Structure formats: C-alpha cells, structure tokens
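Here is the structure we will look at, set down as structure tokens.
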Amino acid sequence: MNWIILLLAGLFCLGKARAASGVGFYLWGSGFLASTVLSMTLLAKAVQTLPLGTAYAIWTGIGAVGTVLIGIFVFKEPATPIRLFFLFALIASLIGLKVVSY
C-alpha cells in the first residue's frame, strides 16, 4: 500500500503553469502548490514504513519521468533515441531501487 501512496505522491508534483498567463497562471499555480503539499504529505506517509533514501529517490524519479513524458506528449518536446534511452534507464533504476530496498 505504501508503494501506491509513494506513486501517487510522485504524480501529484506536476503543474501546467508554464504556458498560462493572467488569471490562468494563478489558478494553475495554486493547483500546483496544493498538489505539492498533497505530494509531500503522501511522501511523509510513505516513509513511515519505507526506507527514506529509496522512497525519496523514487518520489523524485516519478516526478522527473512524469515531467519528461508531459513535455514529450503535451508540449511536443523532442523524443530523440538518446533521450528515450536515458528515460528508460531512469525507470529501470527506480525499479532496481524498489527491488533491492529490503
């Protein structure tokens, strides 16, 4: 269950304030702040039973992978082979951390 909480914590760290302006910027910014608080709360809950180093690394990795994927699919950033290689290497590293965490 705590791994699911940790996954949710990583996913809540995404925001879309980059492309917004005016009132939309403040709405997206407020949503980002609220999701950051929720994300950190879920991280704090997850580390009650998971190793801190592993949980934090996976939490930040989920945010990094999610941000890259949002960039590729939403903001049309390039998905070059070397970029995808390192993205998959990051995902493999996160899975490896989970596997060897006990």
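If you're wondering where the values come from, they're calculated on a predicted model, not measured in any experiment. For the numbers below, each heavy atom of this structure counts, side chains included, while hydrogens, waters and symmetry mates do not.
When all heavy atoms are compared, the tightest approach of Lys98 to Ser101 is O-OG, 3.0 Å.
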For residues 82-96, which side-chain donor-acceptor pairs fall under 3.5 Å, sequence neighbours excluded?
| residue | atom | partner | partner atom | Å |
| --- | --- | --- | --- | --- |
| Arg83 | NH1 | Pro78 | O | 2.7 |
| Arg83 | NH2 | Glu77 | OE1 | 3.0 |
| Ser93 | OG | Ala89 | O | 2.9 |

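A donor-acceptor pair is defined here as one N or O able to donate and one able to accept, closer than 3.5 Å; no such pair exists between the side chain of Ser39 and the backbone of Ser35.
Taking Thr49 as the reference, Asn2 meet the side chain to side chain donor-acceptor pair (under 3.5 Å) condition, with sequence neighbours excluded.
Follow the hydrophobic side-chain contacts under 4.5 Å out from Leu52 and you reach Leu43 in the same cluster.
Of the listed residues (Thr36, Val37, Leu42, Leu38), just one forms a side chain to side chain contact (heavy atoms under 4.5 Å, CB included) with Met40, and that residue is Thr36.
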